[in-house]
Amino acid sequence: MELSKNYLPSEVESKWYAHWNEKGYFNSTPDDRPAYSVVIPPPNVTGVLHMGHCLNNTIQDILVRDARMKGYNACWVPGTDHASIATEAKVVAMLRERGIAKSSLSRDEFLQYAWEWKDKYGGIILQQLKKMGCSLDWDRTSFTMDDDYYKSVIQVFIDLYKKGHIYRGKRMIHWDVKAKTALSDEEVIYKEVNSKLFHLRYHIEGEDAAAQMGITIATVRPETILGDAAICVHPSDARYQHLVGRFALVPLINRRIPIIADEYVTPDFGTGALKVTPAHDMNDYQLGLKYQLEIIDTMEDDGTMSAAATLFVGEDRLEVRKKIIPLLEAAGHLVKTEEYINQVGFSERTDAMVEPRLSLQWWVSMKTLSKPALAAVMDDQIHFHPAKFKNLYRHWMENIKDWCISRQLWWGHRIPAYYAPDGSFAVAASVEEAWEMLQQTQPDLLKASIRQDEDCLDTWFSSWLWPFEVFHGLSQPNNAEIKYYYPTNTLVTAPEIIFFWVARMIMAGYEYMGELPFKDVYFTGIVRDKLGRKMSKSLGNSPDLLALIDQYGADAVRFGIMIASPAGNDILFDESGLEQGRNFNNKMWNALKLIQMWKLRIGHADESAKPDFAMNWFEHRLNHTRKEVASMMEQFRLSEALKTIYSLIWDDFCSWYLEWVKPGFEQPIQAAVYERTIGYFEQLLQLLHPFMPFITEEIYHLLQQQPSDLCTKPYTQIPDIDSNLVNAGELLKQLISGLRDARIKNQLKPKTPVHLHIQTNEEKQYDAIRSILAKQINATEVSFTNEPIAKSIVVAIEKDRFYLETAEFQETGAQLETLQKDLAHQHQFLEQVRKKLQNERFVQNAKPEVIELERKKEADALARIQTIEASIAGLQ
RNA sequence: GGGAGCAUAGCUCAGCUGGUUUAGAGCAUCUGCCUUACAAGCAGAGGGUCCGCGGUUCGAACCCGUGUGCUCCCACCA
């Protein structure tokens, strides 16, 4: 078969993916083999493939494919997350385009649109993963709002409520006054704003001198003074100590508020006195709780002043900010006004200035749940890669705060709390159950009067069940699959969700399965652009992944992203890595072409061409590298493993081995050489397969008829390695490079033949490599000599001297220069080694092996010097 | 403000337990080659104050301290 000039990935990739899928290689069911299970971090159902997914899923695929070839029953579970906020926003936007306002729809109508949207557009990303070659078990595709899954989420809520871990409580949230909705922290964008810092003097109750002075606070939000509940100073602030415990009067309305002391206050900011408005500031609310201050909510949900404000009722808070200052000034409260730049939150959706607002939310108490989860990581039952994230994890877990799980959204798992008209409620799986429970205290309660909580649960409240619920661990307890696949083996995720997701999965794992959810966690880096910016949709700096796959091939994309990404380190994405991957494809493709040509010329080869050394060397070199790679894979050093394989294939196999065994022009090749070469190539392809599955499968089948596919082929055991043979190969490489360098430096044309004379004490050492050496440096003859050869190029390598004799030789001075440079270098080196050896303390303290090595270095350097000096003498 | 991390060739980064023949790779650069697998290639070469300073050690890119510069996460000071 005629092969194309270059490797053409697109057809090959779709062909093999379809084939693998058809054969069901990626499907897993429990059997006698040990399991290796991985659950995908479920991408948002709204998502499209970006570089982060590409990195993350390539890593998982490498681990899963490697495990499969190691003989594990590998199971990689795909799925998507309902992503309440993101999806609801998309659906709202879609409706808006169609001229439908969310507020005009009932909850059920809205959800119907949402499901339609999900069925149509959701899960595009899963299709895209197929393009990348991900070996997922598609029959297991899960969704966090599947029926069983939904029920489990509700069951967990009810269970935690019964155990007392879930409670209802007030909380400050970010409020969007335009959309009249709560915002999650992620939806608030902080911007620098030019504000004014007003210094306002409050009167103090009483008639003494201190009261006459009053107390001056600084604020950028003077309209909120109407909701003031206290003034707070630092306990050790000498200026105010005498005022603590007394009362101040709120300007304009003369409400009496206490002066309290707390270390929260920064003495050197503003005046060192802080007005406390618990209803309208996150931190003030905390102070309010601590000192049991009155909470005066002076604002309506649309941002206008409420009746509680007593002044400006019905006017917008930003208008009031302008209007209240002249009043304060007129009444003598304004001490001074400073220009001030501060950070203010704005709504991502409406750009409205966000208002902190108090509301009733559902919470999970974290204290008890977090304990086993912290211990599991600190005791290394769960291993983090890289381990540096352990510190971060501990710090967070030790300072963990309760988790607010309610969201003012419709798309998601609806909170299973049911309210009677009097405000009492029951937590239950259905309205019927709730009715029964409520009837115990309210026998006359009508079922129709019961209302379910309008809010949904935080997305993470469902995804924390992911590692076991994809196997129905909770909905069908103790089923065969959960017993077989759980705990899963490795979780691959981004460090930014270590708290949102990883920590919580560990907690849920212990709480509901009594066991850790995974044994290893591999944290990927963040993919950045060339300028170091995080790739994101809003910056528009994320390249179109499918276009890249079209251009370079999926294998090259996988190569490009993996070669630059050690665990936990950010990667700067650069297309040059993909080019390297594509070139690597071509390199292997061309090696295939070469070997295919040989097939036509198998026959009796010339006895002088003895490639036995090359074959034996490569066999050991290959096994040596297989060992290295296996150890790197164990340690999750995937990037290094790939580099090692790349260099083994390109340098050792293509550049050295194939050249060494290659027959001369139109010469036949021995059948044994051909067979062994194919065997090595197959092993190389297998080693690379987890990283670049498509091209390896393709070449594997083109090399010769195969009994099975590469992706299911088990690795063979690695035989013992003869390191002498490996070293002999390295020496041969060194000789070839050294002699080629001498040829170039002396301006010999590549085609100019030479006669190589070797002056050595160990002629035998050259037996095996003589013919290879001759071919690689274009020597027509190789012989030994006891004395320098006149009018030749002299080269000193290790302890031996080499003379390149040729008719075209011209004295250029280049060789003398090379020798003298080398000599100087050796002298310097020798001096360094001797300094060490002459240091008594070194000889006394260093390990014997180290000293032995230094002695060897000294002896080698001496021998080298002798060789070089003799060479120079021969020249002169 | 709290926490974590980084600084090694022009660029992007490896360098594991301190000692492996005076620090490695890819890209870029330079020289020579269109050699019947491959010019997206081959054969070579050059390129380093391992951020500065101090310390520990027989020995430091690696350990400790300190300074400088940068990055990320968390919290958002009225």
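Chain naming here is simple, since letters A, B, ... match the order of the sequence lines and numbering starts at 1 in each. Predicted model only: the values in this text are computed from it and were never measured.
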Q. Is the closest side-chain heavy-atom distance between A:N391 and A:R394 below 4.5 Å?
A. yes

In whole angstroms, how far is the [atom2] atom of [N] from the [atom1] atom of [X]?
X      : N      : atom1 : atom2 : answer
A:R834 : B:rG59 : CZ    : P     : 21 Å
A:N778 : B:rC33 : CG    : C1'   : 13 Å
A:N590 : B:rU36 : CG    : C1'   : 12 Å
A:E628 : B:rG24 : CD    : C1'   : 14 Å
A:M562 : B:rA14 : CE    : P     : 13 Å
A:L837 : B:rG59 : CG    : P     : 15 Å
A:K775 : B:rU35 : NZ    : C1'   : 13 Å
A:I699 : B:rC38 : CD1   : P     : 15 Å

**Q.** Any residue meeting salt bridge (Lys or Arg N to Asp or Glu O under 4.0 Å) with A:D555, in chain and number order, not counting sequence neighbours
**A.** none

Taking the [atom1] atom of each, how far is [N] from [M], in whole Å?
N      : M      : atom1 : result
B:rG48 : B:rG2  : C1'   : 37 Å
B:rG54 : B:rG44 : C1'   : 43 Å
B:rA4  : B:rU49 : P     : 32 Å
B:rG65 : B:rU56 : P     : 15 Å
B:rG10 : B:rC50 : P     : 12 Å
B:rA25 : B:rG46 : P     : 12 Å
B:rC27 : B:rG47 : C1'   : 14 Å
B:rC16 : B:rA23 : C1'   : 16 Å

Partner residues of [X] under the side chain to side chain contact (heavy atoms under 4.5 Å, CB included) criterion, sequence neighbours left out:
X      : value
A:K336 : A:H199, A:E338
A:Q815 : A:N746, A:I793, A:V794, A:F809, A:E811, A:L875
A:K290 : A:D262
A:Q826 : A:D822, A:F829, A:A861, A:R864, A:I865, A:I868

Q) Where each residue is assigned the nucleotide of RNA chain B containing its nearest heavy atom, which of A:R582 and A:Q826 is assigned the position nearer the 5′ end? A) A:Q826

Donor-acceptor list for residues 588-595 of chain A side chains, cut-off 3.5 Å, not counting sequence neighbours:
{"unit_1": "A:W589", "atom_1": "NE1", "unit_2": "A:S4", "atom_2": "O", "d": "2.9"}
{"unit_1": "A:N590", "atom_1": "OD1", "unit_2": "A:K593", "atom_2": "NZ", "d": "3.3"}
{"unit_1": "A:N590", "atom_1": "ND2", "unit_2": "A:N586", "atom_2": "O", "d": "2.9"}
{"unit_1": "A:K593", "atom_1": "NZ", "unit_2": "A:K5", "atom_2": "O", "d": "3.1"}

Q: Would you check if the distance from the ring center of A:F559 to the ring center of A:Y646 is below 6.0 Å?
A: yes

**Q.** Residue pair A:W598, A:Y674: steps toward the ring pair (Phe, Tyr, Trp, His ring centres under 6.0 Å) verdict
**A.** CA-CA 7 Å; A:W598 291 351; A:Y674 176 75; 7.3 Å; no

Kindly give the atom pairs (protein nitrogen or oxygen, nucleotide nitrogen or oxygen) under 3.5 Å for nucleotides 73-78 of chain B.
{"unit_1": "B:rC77", "atom_1": "O2", "unit_2": "A:T266", "atom_2": "OG1", "d": "3.2"}
{"unit_1": "B:rA78", "atom_1": "OP2", "unit_2": "A:Y340", "atom_2": "OH", "d": "2.7"}
{"unit_1": "B:rA78", "atom_1": "N6", "unit_2": "A:T266", "atom_2": "O", "d": "3.0"}
{"unit_1": "B:rA78", "atom_1": "N6", "unit_2": "A:F269", "atom_2": "O", "d": "2.9"}

Q.
Of the options B:rA37, B:rG2, B:rA40, whose atoms approach the side-chain atoms of A:C654 most closely?
A. B:rA37

Q: Measure from the side-chain N and O atoms of A:D281 to the backbone N and O of A:T277, and report whether any donor-acceptor pair falls under 3.5 Å.
A: no

Q) Got a donor-acceptor contact below 3.5 angstrom from the A:T780 side chain to the A:V754 backbone? A) yes

Q) Is there a donor and acceptor pair closer than 3.5 Å between the side chain of A:K751 and the base of B:rU35? A) no

Q: State whether the distance check finds a donor on one side and an acceptor on the other, under 3.5 Å, for side chain A:N586 versus base B:rA40.
A: yes

**Q.** All pairs passing salt bridge (charged side-chain N to carboxylate O under 4.0 Å, His left out) where residues 844-853 of chain A contributes a residue, at least two apart
**A.** none

Q. If a stem is a run of at least 3 consecutive Watson-Crick or G-U pairs, both distances under 3.5 Å, which stems include RNA chain B?
A. B:1-7 with B:68-74, B:10-13 with B:24-27, B:29-33 with B:41-45, B:51-55 with B:63-67

Mind checking if [X] touches a base, just sugar-phosphate, or nothing, with heavy atoms under 4.0 Å?
X      : value
A:R743 : nothing
A:K749 : nothing
A:Q580 : sugar-phosphate
A:N839 : sugar-phosphate

Protein and nucleotides 17-19 of chain B: nitrogen or oxygen contacts under 3.5 angstrom:
none

(Q) Just to verify, which of A:W396, A:W460, A:Y393 counts as forming a ring-ring contact (aromatic ring centres under 6.0 Å, His included) with A:F499? (A) A:W396

(Q) Would A:F523 and A:F384 count as a ring pair (Phe, Tyr, Trp, His ring centres under 6.0 Å) here? Give the steps. (A) CA-CA 8 Å; A:F523 290 105; A:F384 279 5; 5.1 Å; yes

Q. Quick one: ring-ring contact (aromatic ring centres under 6.0 Å, His included) partners of A:W660, sequence neighbours excluded?
A. A:W617, A:W656

Q.
Can you confirm whether A:K799 is buried at NZ, in the sense that more than 12 heavy atoms of other residues, nucleotides or ligands lie under 6.0 Å from that atom?
A. no

Q | Annotated protein contacts, base or backbone, on nucleotides 41-46 of chain B with a non-hydrogen cut-off under 4.0 Å, one of B, S, - each | A | SSSSS-

